[in-house]
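Reading through the structure tokens given below for one structure.
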Amino acid sequence: MRKLEGSFDDIAIIGMAGRFPEADTLQIFWDNILSRRDSIRKLPQSRLAELQPIIGSIPSLKLKAGYLEQVTFFEPEIFKISQEEASYLDPQHRLLLELVEEAILDSGYNPEKLTDKSVGVFNAASRNNYSKQAYSGSPMAFISGISSSGAGRIAYKYDFHGPVLTIDTACSSALVALYSACQNLWLGECELAIVGGVEIILHLTDDSQEDGLTLISNSQQIRSFDKAADGTVTGEGGGIVLLKLFNKAIEDRDNIHAIIKGIAVNNDGARSNGIISPSSRGQAEVIKKAVRNAGIDPLTISYFEANGMGTKLGDPVEIEGLQLAFSEFGYQKQVIPLGSVKPNIGHLNSAAGMASLLKTILALKNQTIPPMINYLEANPLINFADSPCFVNTKSQYWKSQSVRRAGISSVGMTGTNGYVILEETARRTSPIGLSQTDQSLTVHTIILSARTEKSLKLMAAELQTYLQNNSELEIKDIAYTLNVGRRNYPNKVVVSAKNREELITKLSQIVVGDRLITEIKPIELRPIFIFPDIEDFQIGQTEQLAKENPLYAYHLDRIKDQITNEAEKMAGKRLEYFCGLSALVETLKIYSLKPQAVLGFGSGDILADLVMDECTEKEALTRLCSHRSEAIDIPLDKVREIFENILKADFNTFYIIFPTSRLAELCARVLTGKKAESLILSEGFGTFDSELTRLIKNGLQIDWDKVYQGQQPYRVSLPTYAFDRKSYLARPERFYTPEVQKPDSD
């Protein structure tokens, strides 16, 4: 167990997903921030029409907010949820499930491979108002109405066995959930941690402006730290991050978005003027605690993502707390850029800290300090002139004397404060693979799959655009992530490509094509391996395949090393014959093509006996060395008779390994029109990967983890899943008018 004092072990953020007003993806979210977009707006008519069955008609609604759209839309089949259950499921929980799926996929892991793992879930609680408005006596509606069911449903649907906690500290809930997740990782209670929260308000009225606490902005804008600041505005959305101990993430070759260096949580206690009033001393204390825990030079923090509530009294208290902490560290005046995401999207209550976290991660990844909007002149109660911070209103390159680090603050209504220190991750270099083959010649088989054809086509389009905009990605990492890190659905696109550019071209053909491959059903292959006589073996094929396929090259080199002594007695052709065929058998097995029977012509009998464990490798080599080689003319009728008998024995797949062109053509003629699959590796009969692609299209299921074992590619962040959603609403027995929704106070 780690020490509970001193420098904290680093934690890696390996996956992330978010949905915010006018931003269905994190890339759009970042683009909106850079373009200074204010997504606080009137309730869209489409949203009003969507919710009309459960909230009735609203004659006029002037109150603005950071609204999402299509909040009732969902694809329950992905999560094995019935349509009836989906209709009773709180839209917040629907969004949670989708974001968890996207974050796991973003990390490059297949969610199905994480079942039965020690994965913790730490969810920032949100208010539930759906089950009240869609009132029903259904048990499903009751469960959906419990705030803790959001985290519990994630664990149930993904079969996670780690700690599952629901955190509610009001506006600081998300960062407190992050703190709890880090503690559980350090204590070894879980090996992966899912952290996040969402906020969706299904019923808003203009009466919300008559808040006695004067938290709601009359101008309907959040003007953090500004002279004209008059309150906050509600926002919707949320995010999820996936965490792992940094050293383990490096070992597993994960994609790391950012590093958590230190994190701390405290409470103001009685140091404020009231239970809902903030304390500058409390906020200063949590900052200093996080810096101590991080074990870093505090002067290396070069950006601060503030809480930025936008209230006349809350903002000055926050800046005073910053000044108390950072002046003690020795910062000069006005050297740290300051920003807040709330003016862009509104105050997301329990999910607010997640919006701040994701914005800062994106800033680190893009090495850019983003602008804060709605700021013209400082609040007169804030003395920025003597503060280490200044409000950053223009996008600028993130300069840093050393590694880039940022601090993020979140403040809760009843005094619970959170502070986290993030660090950028280093750019990594290309790894050394299984062999030293020319990577430009390697062909990669790549699979995209989805539940529906519509989703599949959208995914192909999104991936094409993403690859065009991210030229640093390497094809081997792309292939690895898509093959190993995605669910397996019946609708598939299977392509082979040597490089990123070729993959983009093939994806573009899929996007503009009229039809995709659909409903690929797994088939039970009953393969027979057919080994030609050495006289029917085509020299040079093994060398060519080794250039194209690193897995085959690895097994070829390994087998050659194993038979060094015996190989001295063998001529060049015999050595290539034995090693080449043996290596291919091992490669095919890893691609889930294990022989159930073998057939050998001439010296091929020796290889057949070896594969079926009827002789040792040494015995096979001895027999091959003494074998008298002579040309065997196999008539077409004889081949046809042999193959007919094989088919009668219920074998349906023929793998003819490295035959001459003559034998390959003979076998192909016999198999034409038969209900059988074949893989013929010979000149003019397609490459290994093209033949493999064809077999996958015809139902071959591959365990890709075995294929990539030892190759050491990286997981990379790629577009995740394109949901094919429909609207699901419960049929209320009666309409229920909820109490007015009010954002929490900081």
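Given the structure is predicted, the values throughout are model-derived calculations rather than measurements. All heavy atoms count here, side chains included; hydrogens, waters and symmetry mates do not.
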Please say which of I361, T25, T368 ends up in a side chain to side chain contact (heavy atoms under 4.5 Å, CB included) with W30.
-> T368
Looking only at heavy atoms, which two atoms of A125 and D168 are closest? And how far apart?
-> CB-CB, 3.9 Å
Here the pair of heavy atoms bringing N184 nearest to P163 is OD1-CG, 3.3 Å
S455 and D724: side chain donor to acceptor below 3.5 Å | no
K117, NZ: over 12 other non-hydrogen atoms inside 6.0 angstrom | no
Just by distance, with hydrogens left out, do E50 and T72 show a side-chain donor and acceptor under 3.5 Å apart?
-> yes
Reported OG-to-CG distance for the pair S172 and L178, which is rounded to 0.5 angstrom = 12.0 Å
Side-chain donor-acceptor pair under 3.5 Å between N307 and K342, yes or no?
-> yes
Is there a side-chain contact between N483 and Y708, using heavy atoms and a 4.5 Å cut-off?
-> yes
Rounding to 0.5 Å, atoms CG (L718) and CG (L448) come to a distance of 9.5 Å
Less than 4.0 Å between a side-chain N and a carboxylate O, is that true for E112 and R486?
-> no
Would you check if I345 and N32 make a side-chain contact, meaning some heavy-atom pair closer than 4.5 Å?
-> no
Where is the tightest heavy-atom contact between V341 and A355, given as atom of each residue plus distance?
-> CG1-CB, 4.0 Å
Is any side-chain N of the basic residue among D252 and K244 closer than 4.0 Å to the acidic one's carboxylate O?
-> yes
OG of S350 to CG of N123, rounded to nearest 0.5 Å, is 7.5 Å
Indicate yes or no: at least one non-hydrogen side-chain atom of L364 is less than 4.5 angstrom from one of W398.
-> yes
Charged N to carboxylate O below 4.0 Å: is that the case for R94 and D90?
-> no
Are D254 and Y714 close enough that a side-chain donor and a side-chain acceptor fall under 3.5 Å?
-> no
dist N349:CG -> I200:CD1 (nearest 0.5 Å) comes out at 12.5 Å
Ion pair present between E423 and R404, side-chain N to carboxylate O less than 4.0 angstrom?
-> no
Would you give the length of the straight line joining atom CD of Q220 to atom CD1 of I40, rounded to the nearest 0.5 angstrom?
-> 9.5 Å
Say you draw a straight line from OG of S717 to CD1 of I256; how long is it, rounded to the nearest 0.5 Å?
-> 13.0 Å
Are any non-hydrogen side-chain atoms of I373 and N344 less than 4.5 angstrom apart?
-> yes
Below 4.5 Å, heavy atoms only, C-beta onward: do L95 and F74 meet side chain to side chain?
-> no
Taking the six-membered ring for Trp, are the ring centroids of Y489 and Y721 within less than 6.0 Å of each other?
-> yes
For Y480, which of D477, I478, V484 qualifies under side chain to side chain contact (heavy atoms under 4.5 Å, CB included)?
-> V484
Exercise: do E101 and Y158 side chains pair donor with acceptor under 3.5 Å = yes
What pair of heavy atoms forms the shortest contact from P111 to R487, and how long is it?
-> CB-NH2, 3.5 Å
When you measure from the side chain of S471 to the backbone N and O of L467, does any donor-acceptor pair fall under 3.5 Å?
-> no
Under a 4.5 Å cut-off applied to non-hydrogen side-chain atoms, are I222 and S217 in contact?
-> no
Any side-chain heavy-atom pair from I201 and E236 closer than 4.5 angstrom?
-> yes
Provide the closest heavy-atom pair for G108 versus R715 in the form atom of the first, atom of the second, distance.
-> O-NE, 3.2 Å
Given the rule in the side-chain hydrogen bond (donor to acceptor under 3.5 Å, both in side chains) test, do D106 and T720 qualify, once you have shown the distances and angles that lead to the verdict?
-> CA-CA 6 Å; D106 175 69; T720 56; over 6 Å; no
Measure from the side-chain N and O atoms of S107 to the backbone N and O of L242, and report whether any donor-acceptor pair falls under 3.5 Å.
-> no
Under-4.0 Å salt bridge between R405 and E424 = no
Salt bridge E75-R725, side-chain N to carboxylate O under 4.0 Å | no
Nearest non-hydrogen partners of A103 and A17, listed with the distance = N-CB, 3.7 Å
For the side chain of T481 and the backbone of V716, is there at least one donor-acceptor N/O pair under 3.5 Å apart?
-> yes
No-hydrogen, no-angle side-chain donor-acceptor test under 3.5 Å, Y303 and E305 | yes
Taking S35 for its side chain and D31 for its backbone only, find out whether a donor-acceptor pair lies under 3.5 Å.
-> yes
Donor-acceptor contact present, side-chain S173 to main-chain A124, <3.5 Å | no
So do F73 and Y728 actually touch side chain to side chain, heavy atoms under 4.5 Å?
-> no
